[in-house]
Trainee: 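Take a look at the following structure, please.
If you read the sequence from its start, that first residue is 1, and numbering goes on from there.
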Amino acid sequence: MTVETFKIEVLPIKNKLYRFAYRLMKSIPEAEDIVQDVFIKLWSNKKKLAEIKSIEAFAMTMTKNLCLDRLKSKKYGHYELTEQHDEINDKTPFVEVEQNDAYQRVRKLIEALPEQQRMIIHLRDIEGYEYAEIAEVLNITENTIRVNLSRARRKIRDTMVKNYNYEFTKN
């Protein structure tokens with residue numbers, strides 16, 4: 001793999017890797033270090049990258065593994081998943097407060113999910129990965145992903161309805 005090919009195929013996934021690492025590490029410097037380590041490892045093994053079916057999935061797997069290794073070594077007790085949501089300018093202050101409150105509740109509920117469900121919901125609902133890509137990143141079957149995603153969503157929905165009297169509408 002040439003430098004140009006690396007720039008075209010690998011560097012564009014930098015932001016996805018960073019967001020994923022940040023959600024697991026809860027630290028900007030640690031997330032940046034992990035992404036840098038992933039890129040160094042990818043560059044060091046550039047000759048083998050041609051054999052890899054999906055470089056993005058491979059890089060996400062490397063990121064996940066490096067994060068989990070660091071978290072285990074530092075004995076972190078929990079992970080924080082955060083997502084900066086887009087602000088729409090025409091919202092009333094009431095709507096903004098209500099949406100921010102709901103967002104914070106959902107974020108806390110996601111944090112309370114088991115690790116595998118947290119990663120699946122992040123990769124599917126936040127990053128927009130397909131089931132096959134998630135299966136490759138997490139090394140589990142697509143059926144396992146569907147089951148865990150369904151359970152995670154149901155748990156969040158049920159808790160929102162029960163604890164916050166939140167009503168979900170179907171479109």
Side-chain angles (χ1 to χ4, degrees), residues 1-49 51-88 96 99-140 142 144-145 148-149 151-153 155-156:
M1 177 174 281
T2 67
V3 173
E4 289 304 315
T5 308
F6 190 85
K7 286 180 183 178
I8 293 169
E9 293 183 18
V10 179
L11 290 183
I13 62 174
K14 173 185 69 166
N15 291 334
K16 282 186 179 182
L17 297 176
Y18 171 77
R19 286 190 304 267
F20 190 48
Y22 179 73
R23 280 177 184 77
L24 292 173
M25 299 306 297
K26 195 174 114 176
S27 164
I28 290 171
E30 293 242 17
E32 290 171 346
D33 287 348
I34 285 173
V35 172
Q36 185 175 9
D37 289 349
V38 168
F39 281 132
I40 289 170
K41 287 182 180 195
L42 287 171
W43 180 250
S44 298
N45 294 309
K46 63 185 176 256
K47 293 178 183 176
K48 297 178 184 175
L49 292 181
E51 301 168 9
I52 296 172
K53 182 175 153 184
S54 170
I55 293 174
E56 183 175 335
F58 183 69
M60 289 295 282
T61 302
M62 289 176 66
T63 302
K64 175 197 72 160
N65 291 338
L66 283 172
C67 287
L68 294 177
D69 288 347
R70 286 201 187 172
L71 288 168
K72 286 175 189 173
S73 70
K74 292 187 176 194
K75 296 184 177 141
Y76 278 91
H78 63 284
Y79 311 98
E80 181 176 1
L81 298 176
T82 59
E83 176 66 19
Q84 297 298 323
H85 50 285
D86 297 328
E87 296 295 325
I88 300 173
E96 281 188 39
Q99 286 181 342
N100 189 46
D101 187 43
Y103 169 77
Q104 294 301 326
R105 288 176 181 162
V106 170
R107 186 180 58 80
K108 286 183 181 184
L109 292 172
I110 290 172
E111 289 174 5
L113 292 171
E115 178 183 323
Q116 188 174 48
Q117 289 180 2
R118 269 196 312 263
M119 286 192 283
I120 291 170
I121 209 163
H122 170 79
L123 290 171
R124 178 71 180 160
D125 293 340
I126 297 172
E127 295 295 338
Y129 277 74
E130 297 297 324
Y131 291 110
E133 294 171 313
I134 297 169
E136 192 172 334
V137 169
L138 299 180
N139 197 27
I140 55 178
E142 289 184 38
T144 302
I145 293 165
N148 278 286
L149 187 60
R151 287 178 182 166
R153 288 174 177 165
K155 172 96 172 157
I156 291 168

Trainee: With a 4.0 Å cut-off on N to O distance, would you call Glu111 and Arg118 a salt bridge?
Mentor: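 Salt bridge flag = no for Arg118 with Glu111.
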
Trainee: How long is the span from the CD atom in Gln36 to the OH atom in Tyr18, to the nearest 0.5 Å?
Mentor: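 Answer rounded to 0.5 Å: 13.5 Å.
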
Trainee: With the side chain counted from C-beta on, respond yes when Leu66 and Lys41 share a heavy-atom pair under 4.5 Å apart, and no when they do not.
Mentor: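 They are in contact (side-chain heavy atoms under 4.5 Å apart), so the answer is yes.
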
Trainee: Check Lys64 with Asp69, please: is the shortest side-chain N to carboxylate O separation under 4.0 Å?
Mentor: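 Salt bridge between Asp69 and Lys64, a charged N being under 4.0 Å from a carboxylate O: no.
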
Trainee: Is there a side-chain contact between Asp33 and Arg70 (heavy atoms, below 4.5 Å)?
Mentor: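 Asp33 vs Arg70: side chains touch.
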
Trainee: When you compare the side chain of Gln104 with that of Arg107, does any pair of heavy atoms fall below 4.5 Å?
Mentor: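 When only atoms from C-beta onward are counted, Gln104 and Arg107 do touch, with a gap below 4.5 Å.
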
Trainee: How many angstroms lie between NZ in Lys46 and CD in Glu9, if you round to the nearest 0.5 Å?
Mentor: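 The CD atom of Glu9 is 14.0 Å from NZ of Lys46, to the nearest 0.5 Å.
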
Trainee: Under 3.5 Å, is there a donor-acceptor pair linking the side chains of Tyr22 and Glu30?
Mentor: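 No.
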
Trainee: Hey, mind stepping through Val137 and Met119 against side chain to side chain contact (heavy atoms under 4.5 Å, CB included) and telling me if it holds?
Mentor: CA-CA 10 Å; Val137 169; Met119 286 192 283; over 6 Å; no

Trainee: Do Glu133 and Glu142 come close enough that some side-chain heavy atom pair is under 4.5 Å?
Mentor: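 With C-beta onward as the side chain, the pair stays apart.
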
Trainee: Rounded to the nearest 0.5 Å, what's the gap from CE on Met25 to CD1 on Ile34? Could you check?
Mentor: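 Here the rounded value is 4.0 Å.
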
Trainee: Passes side chain to side chain contact (heavy atoms under 4.5 Å, CB included), Ile121 versus Asn148? Steps please.
Mentor: CA-CA 9 Å; Ile121 209 163; Asn148 278 286; over 6 Å; no

Trainee: Can you measure from CD1 (Ile13) to CG (Leu42) and round to the nearest 0.5 angstrom?
Mentor: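 Output value for this atom pair is 6.5 Å.
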
